[in-house]
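Written out below as structure tokens is the structure these notes cover.
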Amino acid sequence: MLDRVSAPLQRLGRQVVNAIWRLGYASRFFLFVLLRSGTGFRRFQLIIKEIYFTGVLSLIIIIVSGLFVGMVLALQGYETLQKYGSSEAVGTLVALSLVRELGPVVAALLFASRAGSAMTAEIGLMKATEQISAMEMMAVDPIARVIGPRFWGGLISMPLLAAMFSAVGVFGGYLIAVVLIGVDEGAFWSQMQNAVDFRDDIVNGIIKSVVFGVAVTAIALFEGYDAPPTAEGVSHATTRTVVTSSLAILGLDFVLTAFMFRGA
Amino acid sequence: MERTVLDLWVGLFVAAGIAALLVLALKVGNASTTFNVGETYHVIGEFDNIGGLKVRAPVKSSGVVVGRVDKIQFDNERFRARVVMNIDKRYQFPRDTSASILTSGLLGEQYIGLEAGGDSENLKDGGRFKLTQSAVVLEKLIGQFLYNKAAEGDGKK
């Protein structure tokens with residue numbers, strides 16, 4: 001009888017302790033990456049390679065999604081704004097939603113599933129095939145050689161991708177609103193420029209995307225580094241990367257938005 | 001370290017990213033006007049009610065933006081709102097210029113409208129508008145209208 005009660009409780013307790021343990025390990029890992037990967041800048045070629053992998057190769061998905069998100073925003077926004085006779089404000093709507101929220105968030109979500117999962121799988125597989133242990137054996141610090149460049153590469157790519165997403169999205173909105181529907185072009189741009197503030201909207205959007213970049217790459221790298229060295233372990237870790245980083249992006253976005261746009 | 005094809009692609013990527021940022025800043029946002037303020041001088045206006053006026057709201061004269069609202073404070077001695085405005089040095093106004101809080105459109109943002117007076121001397125840095133007009137509070141206006149209508153009705157009986 002007692003067993004039936006205590007066994008689930010024990011399991012729950014073990015899970016909680018495990019989760020805290022992992023959190024501590026992850027924090028230490030993150031700190032190590034920050035401390036030791038500074039040397040990575042001496043071998044900038046490695047970072048360039050990672051920027052190519054995470055940034056350049058994500059370009060197509062980012063540009064295409066940005067274009068479509070902008071176009072959909074313009075269509076939907078026009079539908080509603082037209083009822084109030086202020087269809088010119090569609091430019092403001094598209095630009096503000098993209099620059100403040102959708103640009104950083106959607107670009108980060110795409111980045112997590114496109115580049116984050118690949119990073120986890122790659123590092124998990126390197127560990128499973130004992131390449132990481134081999135490096136340690138040769139006195140090469142795997143954190144400086146493998147993890148660091150990927151971290152900085154992702155960190156540099158993310159804000160650039162988000163900015164491109166927003167810019168392409170605004171262009172998509174322009175295509176729909178001005179070219180297709182026929183909203184006045186001058187009003188479209190001037191209302192947008194009046195409403196979008198450089199410091200409050202654009203810089204805050206960039207800050208958001210930098211934070212998301214840190215979160216996604218750190219989670220992806222940790223999941224890969226921590227993955228059990230089996231095929232199953234790597235596959236689980238890849239899934240966890242996408243799930244955890246998506247949740248982290250959305251959660252962080254709420255916190256950042258609450259700080260940045262307190263209805264001032 | 002040799003140059004590789006990778007470098008070219010990464011270079012293009014970074015250039016495109018920076019270009020996107022510039023487009024956002026200059027074409028989408030108002031960085032072009034934010035940075036292009038030039039020299040300004042402060043002028044203070046005191047209002048009974050500022051309505052929904054916000055910091056960085058435009059200060060316009062004849063519809064042209066001549067400055068921005070810098071600070072909004074509450075003067076605890078006179079119990080009035082104290083609005084500090086930054087006005088572009090290129091635009092000088094006579095000392096008896098009046099400032100009123102206006103609304104662009106029916107539901108638009110509020111801004112400060114300046115109407116130049118006839119004084120031969122100009123406002124100095126730190127000067128103060130002698131004549132100010134508060135924001136129109138729609139509720140008060142409607143209330144007044146209803147009150148007047150009711151009074152008219154009484155008169156006719």
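Atoms considered below: every heavy atom in the structure, side chains included; atoms not considered: hydrogens, waters and symmetry mates. Per chain, numbering begins at 1; letters A, B, ... match sequence-line order. Small disclaimer: the values here were computed from a predicted structure and weren't measured.
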Can I get a per-line list of side-chain donor-acceptor pairs under 3.5 Å for residues 76-84 of chain B, giving both atom names and the distance, sequence neighbours left out?
unit_1   : atom_1 : unit_2   : atom_2 : d
Arg78(B) : NH1    : Glu46(B) : OE1    : 3.2
Arg80(B) : NE     : Asp48(B) : OD1    : 3.1
Arg82(B) : NE     : Gln73(B) : OE1    : 3.2

Identify each donor-acceptor pair in which a side-chain atom of residues 169-192 of chain A lies under 3.5 Å from a protein atom, sequence neighbours left out, and give them as a table.
unit_1    : atom_1 : unit_2    : atom_2 : d
Tyr174(A) : OH     : Glu185(A) : OE2    : 3.3
Asp184(A) : OD2    : Ala187(A) : N      : 3.1
Ser190(A) : OG     : Gly186(A) : O      : 3.0

Show every donor-acceptor pair shorter than 3.5 Å between a side-chain atom in residues 56-69 of chain A and any protein atom, with sequence neighbours excluded, or say none if there are none.
unit_1   : atom_1 : unit_2   : atom_2 : d
Ser58(A) : OG     : Thr54(A) : O      : 2.4
Ser65(A) : OG     : Ile61(A) : O      : 2.3

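With a 6.0 Å radius and a threshold of 12 heavy atoms from other residues, nucleotides or ligands, Gln131(A) has its CD atom above the threshold. A 6.0 Å sphere centred on CZ of Phe74(B) holds more than 12 heavy atoms belonging to other residues, nucleotides or ligands. When the shell of 6.0 Å around NZ of Lys60(B) is examined, it contains more than 12 heavy atoms from other residues, nucleotides or ligands. Open room surrounds CD on Gln133(B); 12 or fewer heavy atoms of other groups in view lie less than 6.0 Å from it.
Note that CD1 of Ile51(A) and CH2 of Trp9(B) are 15.5 Å apart. Values are rounded to the nearest 0.5 Å.
For the pair Asp7(B) and Gln45(A), the minimum side-chain heavy-atom distance is below 4.5 Å.
Of all the heavy atoms in Ala25(B) and Phe198(A), the pair that sits closest is CB-CE1, 3.4 Å. Nearest heavy atoms, Gln193(A) versus Leu26(B): NE2-O, 3.9 Å. For the pair Leu160(A) and Ile18(B), the tightest heavy-atom approach, listed with the atom from each and the gap, is CD2-N, 4.0 Å.
Ranked by heavy-atom pairs under 4.5 Å with chain A, the first of Leu6(B), Val14(B), Val23(B) is Leu6(B). With respect to chain B, the highest number of heavy-atom pairs below 4.5 Å among Ala162(A), Pro159(A), Ser157(A) belongs to Ser157(A).
Using a 4.5 Å cut-off between non-hydrogen atoms, the part of residues 88-104 of chain A that approaches chain B consists of Ala95(A), Val99(A).
With a 4.5 Å cut-off on non-hydrogen atoms, Ile206(A) touches chain B through its side chain but not through its backbone.
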